[in-house]
Amino acid sequence: IVIPRPHFVMGARKTSELNAAAKATLGSLLSDDDEDASGSPAIDQTDTNTPLSLTTIAMDGSTAPKGDDYDRVAFQMRLNSKKKLMTILPEEALALVIAKCKKRVQEEHAIEENGFATINEDEGEDDDAFMDYPPAFAIPGWATGDATVEALIDAAGGSSSSCGPTLHQRSVAACVGALLPPPTTAGVAPPSAGRATAAPPLAASKLFALLTETMKSKDADASKEAAKEAGLNRTDPVEPEPFVPLVVLAGATREGMELTAVQITKPQSPDKELHCPFGNISVLSSVCYASGGKDPLEKLNSALDELRAQIGVIVPESEEPTAIVTYGSIKMQTALSKKLKSILTKYGKEGQGDDDWDGWDQDISILSTKEECVALGLAVLGASVHGRVRVVVSVKGTDGKNRPKAKAGVAVQDVATCAVAVSFNYFSG
């Protein structure tokens, strides 16, 4: 029996509340007469003969769900026709997958040979040392509900563990991955030379080169304008604020689509691997939709309209995006890029002759990324959280002397991608 994509239903209280992507993927496991809202199991545990199904169970020991916070959507498996059904929570199934991934890391990567000691050195427990490896997850914006995130943390070992999981928005991981330099291999000297040549210098990524060039050009233009204005007013020139580039991340899978606007600031001298050339990524807004088995790009036009409007409200002084970066499979990126160009062309025609036009048009650069972009960016984000990627900065001490100090490679300011409700209680009870 194979449990398909258990993470789609993690933390769900009712099968009727599953998102569109979960219903489209796991629809065959749902009962046609779903009655979980009325307080009875979605599928009767004794009558069903299907090998795998979804149902609603009560976690407080009740015989049937009551429609409260103790209810959970769970898988039921019939392993033997003469035995009762076996119930397993989605996070329990996912925990097995995560454990298998950690085991593969231990088996396929020589951690000790690369200078890293095993995390668990107690005798008799070395076989389970891989369970302490800290995982990192890139989560699509449309799936970041409270219940899902809590269940994912539990499946990955819990936040109280010594090496708990780190969670990151998938679009942010794509942004970090897009800033990484393209991979290079060290040159190998011919046998007669007797030694290998030094590795060639790392080249900048397309996004990093575009941001750097744009920032220099905008800052130079601003300085000239400030000097010109100071000359006319016979005053000292005022140093203008540095240009802050705006980048839109666009990604889609068959389960959903997400658009995220970020501002990338604090250019810094990166570490020797050029992991983090910018020290801060500030998320402005994120518009995400689960596709529900339909065309994931069906709502791209309205989603980009919504994101553009939100950017105009949050940072009205911002110019048009410096770049739109796509991520995902090559096939999906091709379709995404084609549709984005069409929408941007429409924006450009609508803005002709409009004095309040925000500059969005077909001239905005659309940059594609490799399919492993999210995975690479996630690795950097996870390493930064655990202090593996650091940048040395000069900090002035109390004695007035500057001393080198290591700081995290990149800081991220996220935004909520789902509706957030806050309850205030001014009385007891």
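Values in this document were obtained by computation on a predicted structure and should not be read as measured data.
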Do you know which two heavy atoms are closest between [X] and [Y], and how far apart they sit?
X	Y	value
T212	F208	OG1-O, 2.8 Å
A226	P240	CB-CD, 4.4 Å
C288	G141	SG-CA, 3.6 Å
C175	I281	SG-CD1, 4.0 Å
K23	S16	NZ-O, 3.2 Å
P6	I3	CD-O, 3.8 Å

Between [atom1] on residue [X] and [atom2] on residue [Y], distance to nearest 0.5 Å:
X	Y	atom1	atom2	result
H7	T25	NE2	OG1	8.0 Å
Q76	S53	CD	OG	4.5 Å
E17	T15	CD	OG1	9.0 Å
T166	L378	OG1	CG	6.5 Å
R170	T144	CZ	OG1	11.0 Å
S291	M257	OG	CE	9.5 Å

Does the [X] side chain pair with the main chain of [Y], one donor and one acceptor, at a distance under 3.5 Å?
X	Y	answer
E150	G11	no
D354	D356	yes
T322	P245	no
Q333	G328	yes
E258	Y289	no
T326	G251	no
S384	V380	no
K401	K396	no
D219	F243	yes

Distance-only donor-acceptor check, side chains [X] and [Y], under 3.5 Å:
X	Y	value
K346	N301	yes
Q169	S286	yes
E372	Y327	no
N280	Q263	no

Show the numbers, then the answer: is there a side chain to side chain contact (heavy atoms under 4.5 Å, CB included) between R13 and R72? CA-CA 4 Å; R13 270 53 172 176; R72 292 291 188 279; 3.3 Å; yes
Counting only heavy atoms not in [X], do more than 12 sit closer than 6.0 Å to its [atom1] atom?
X	atom1	result
K266	NZ	no
D295	CG	yes
E229	CD	no
R5	CZ	yes

Applying side chain to side chain contact (heavy atoms under 4.5 Å, CB included), run through F130 and E107 and close with a yes or a no. CA-CA 9 Å; F130 64 91; E107 293 174 346; over 6 Å; no
Does the distance from a Lys or Arg side-chain N to an Asp or Glu carboxylate O, for K66 and D71, drop under 4.0 Å? no
Between T260 and V283, is a side chain to side chain contact (heavy atoms under 4.5 Å, CB included) present by the stated rule, with each step listed? CA-CA 7 Å; T260 303; V283 182; 3.7 Å; yes
With side chains defined as the heavy atoms from C-beta onward, is the minimum distance between [X] and [Y] less than 4.5 Å?
X	Y	value
L26	L18	no
T253	M332	no
T369	L207	no
P165	P135	yes
L246	V244	no
L284	V262	no
L210	S365	yes
T148	F8	no

Could you walk me through whether M77 and I88 pass the side chain to side chain contact (heavy atoms under 4.5 Å, CB included) check? CA-CA 8 Å; M77 299 182 292; I88 182 172; 3.8 Å; yes
Taking side-chain hydrogen bond (donor to acceptor under 3.5 Å, both in side chains) as the definition, give me every residue that meets it alongside D305, ordered by chain and number, with sequence neighbours left out.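 With neighbours one apart ignored, the set is Y347.
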